[in-house]
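Everything on this sheet refers to the single structure shown next.
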Amino acid sequence: MTSRARATTPSYDALLLLSFGGPEGPEDVIPFLENVTRGRNIPRERLKEVGEHYYLFGGVSPINQLCRDLKAAIVADFAAHGVDLPVYWGNRNWTPYLADTVRQMKADGIQRAAAFVTSAYSGYSTNDQYLADIARARDEIPDAPEIDKLPVYSDRPGFVEPFVDATKDALSRLPEDARLVFTAHSVPLSQPNRDLYADELETAARTVAQKAAPGTPWELVYQSRSGPPTQPWLEPQITDHLERLHGEGVRAVAVVPIGFVSDHMEVKYDLDVEAAERAAELGVAFARAATPGADPRFAALPRHLLTEAR
């Protein structure tokens, strides 16, 4: 039975790094946000309001450069371990657009690729939408390469261990009685697979907390909600939680963005600006843990997942 399973296991001739995308200059910000919110009837004034977050950073989201760094790290890991596969990169919402990348893959003779997505979890916006994006891009291109999304990886050492080290580092910058607060992007309660997403986040947070600081109190909270106030989303929000902790006498918090693989805009603004400012107003010491980014252990994840898929 095992040999038959191996005989039918797909082999790949490329890896596709698939990410969200982000603006790379002030003139990109509103068109990028229009891409992200297409079909949702978001008022233009709201887009301009969100755009101010990007303008604080020169209109540039860190995410594209972070993807370049991760792609380079994956290429280096492949080379170091004898994996002879080209690595492509495509985005959902900005250049390089996924369809353009798939078109280039076809031109290069790629027939079957594995996609490594910069999202570690199951759920609609973190998994299902990427599957739909892949299908849509392939539909645009006759005889497009087959593309299989690699499994979610929130429980894998390559994702967990960088967070363990980053959590220890954040705690080392705070008083000994600091509280751990894990954050992730909130989603509407009505979103498909929301429970699975929340369960995987809870498991990842618990694992990191136990490895990094056994016995330290911790909570999982959310950030970056964007829907109308009447629509229920996963809660509590990070700033509300900071206020509650302050009321309980907590003097210091280490915030761990467990829901993210890199320090992109929702980490840099929603945590490093909004949450940090609220903590300062409350007189609560604040340290934010780094995300995996291009950590070699994280960059090795595609290779490990490919080995299992083969």
Side-chain angles (χ1 to χ4, degrees), residues 17-70 89-102 117-121 123-137 140 183-192 194 197 222-234 237-239 257 259-278 291 293:
L17 176 63
L18 177 54
S19 194
F20 193 81
E24 299 201 82
E27 68 282 357
D28 298 342
V29 171
I30 296 302
F32 162 74
L33 293 173
E34 289 173 338
N35 285 347
V36 173
T37 60
R38 182 171 289 116
R40 291 165 52 189
N41 298 316
I42 305 296
R44 191 168 182 82
E45 288 307 310
R46 174 58 182 159
L47 297 185
K48 291 180 179 179
E49 181 182 332
V50 174
E52 292 300 323
H53 303 174
Y54 291 88
Y55 297 136
L56 283 175
F57 296 87
V60 178
S61 168
I63 194 169
N64 274 0
Q65 186 56 49
L66 292 167
C67 281
R68 293 184 185 99
D69 295 343
L70 177 57
W89 165 40
N91 289 327
R92 289 174 57 180
N93 298 297
W94 203 248
T95 56
Y97 287 108
L98 175 58
D100 293 336
T101 300
V102 174
V117 172
T118 57
S119 173
Y121 297 91
Y124 176 71
S125 56
T126 49
N127 182 74
D128 302 354
Q129 277 192 313
Y130 283 103
L131 291 171
D133 291 331
I134 290 170
R136 190 179 305 112
E140 287 186 26
T183 70
H185 200 301
S186 186
V187 300
L189 297 189
S190 60
Q191 191 173 99
R194 181 260 303 169
Y197 171 64
Y222 296 92
Q223 61 175 86
S224 312
R225 71 158 290 163
S226 58
T230 54
Q231 184 180 37
W233 285 51
L234 287 170
Q237 288 290 297
I238 176 67
T239 49
F260 305 91
V261 305
S262 64
D263 287 9
H264 56 68
M265 187 58 68
E266 287 175 332
V267 174
K268 300 296 289 182
Y269 182 82
D270 295 354
L271 296 182
D272 294 354
V273 177
E274 280 193 335
E277 287 180 354
R278 188 68 188 116
T291 50

Checklist entry - Who passes ring pair (Phe, Tyr, Trp, His ring centres under 6.0 Å) against His185, sequence neighbours left out? => result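 Expected list: none.
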Item to check | Residues which pass ring pair (Phe, Tyr, Trp, His ring centres under 6.0 Å) with Phe20, listed by chain and number, not counting sequence neighbours | outcome: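 Once residues adjacent in sequence are excluded, Phe20 has no partner under the ring pair (Phe, Tyr, Trp, His ring centres under 6.0 Å) criterion.
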Item to check | Pairs where residues 54-64 contributes a residue and the test salt bridge (Lys or Arg N to Asp or Glu O under 4.0 Å) is met, not counting sequence neighbours | outcome: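 Listed once each, the pairs would be none.
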Next on the checklist: Suppose the criterion is salt bridge (Lys or Arg N to Asp or Glu O under 4.0 Å): which pairs have a residue in residues 266-276, not counting sequence neighbours?
Outcome noted: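 Matches after skipping sequence neighbours: Lys268-Asp272, Asp272-Arg288.
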Give, for atom [atom1] of [X] and atom [atom2] of [Y], the distance between the pair rounded to the nearest 0.5 Å.
X: Thr37; Y: Phe32; atom1: OG1; atom2: CZ; answer: 9.5 Å
X: Thr118; Y: Ile63; atom1: OG1; atom2: CD1; answer: 5.5 Å
X: Arg92; Y: Arg136; atom1: CZ; atom2: CZ; answer: 8.5 Å
X: Asn93; Y: Ser19; atom1: CG; atom2: OG; answer: 9.5 Å
X: Arg278; Y: Thr239; atom1: CZ; atom2: OG1; answer: 8.0 Å

For [X], side chain to side chain contact (heavy atoms under 4.5 Å, CB included) partners two or more places apart:
X: Ser119; result: Val117, Thr126, Tyr130
X: Ala275; result: Ile238, Leu242, Leu271, Phe286
X: Glu277; result: Val273
X: Asp28; result: Pro23, Glu24, Trp94

Checklist entry - What's the verdict on side-chain contact (heavy atoms from CB on, under 4.5 Å) for Leu70 and Ser262, showing C-alpha distance, side-chain angles and the deciding distance? => result CA-CA 9 Å; Leu70 177 57; Ser262 64; over 6 Å; no
Next on the checklist: For Asn91 and Asn64: C-alpha separation, side-chain torsions, deciding distance, then whether side-chain contact (heavy atoms from CB on, under 4.5 Å) applies.
Outcome noted: CA-CA 9 Å; Asn91 289 327; Asn64 274 0; 3.2 Å; yes
Item to check | Test salt bridge (charged side-chain N to carboxylate O under 4.0 Å, His left out) applied to Arg225 - qualifying residues, sequence neighbours left out | outcome: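 Counting only residues at least two positions away or on another chain, Arg225 forms no salt bridge (charged side-chain N to carboxylate O under 4.0 Å, His left out).
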Item to check | Contacts of Asp128 that satisfy salt bridge (charged side-chain N to carboxylate O under 4.0 Å, His left out) - sequence neighbours left out | outcome: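 Asp128: no salt bridge (charged side-chain N to carboxylate O under 4.0 Å, His left out) contacts found.
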Going by atom type alone, with no hydrogens or angles, which donor-acceptor pairs under 3.5 Å involve a side-chain atom of residues 44-56 and a protein atom two or more places apart or on another chain?
| from | atom 1 | to | atom 2 | distance (Å) |
| --- | --- | --- | --- | --- |
| Arg44 | NH1 | Glu34 | OE2 | 2.6 |
| Arg46 | NH1 | Glu49 | OE2 | 2.8 |

Item to check | Leu189 and Arg194: CA distance, side-chain angles, deciding distance, side-chain contact (heavy atoms from CB on, under 4.5 Å) verdict | outcome: CA-CA 7 Å; Leu189 297 189; Arg194 181 260 303 169; 3.9 Å; yes
Give me the atom names and distance for the closest heavy-atom approach of [X] to [Y].
X: Pro257; Y: Val267; value: CB-CG2, 4.3 Å
X: Gly22; Y: Ser61; value: CA-CB, 4.0 Å
X: Thr101; Y: Pro96; value: OG1-CB, 4.0 Å

Checklist entry - Can you list the steps and then say if Val187 with Ser125 is a side-chain contact (heavy atoms from CB on, under 4.5 Å)? => result CA-CA 8 Å; Val187 300; Ser125 56; 3.9 Å; yes
Checklist entry - Can you find a heavy atom in the side chain of Tyr97 that is under 4.5 Å from one in the side chain of Asn35? => result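 Side-chain contact under 4.5 Å: yes.
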Item to check | With Tyr269 via side-chain hydrogen bond (donor to acceptor under 3.5 Å, both in side chains) - residues at least two apart | outcome: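 Tyr269 satisfies side-chain hydrogen bond (donor to acceptor under 3.5 Å, both in side chains) with no residue once adjacent residues are dropped.
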Item to check | Any donor-acceptor N or O pair under 3.5 Å, side chains Asp69, Gln65 | outcome: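 Yes.
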Item to check | Ser186 side chain to Ser224 backbone, donor-acceptor under 3.5 Å | outcome: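 Judged by distance alone, no pair lies under 3.5 Å.
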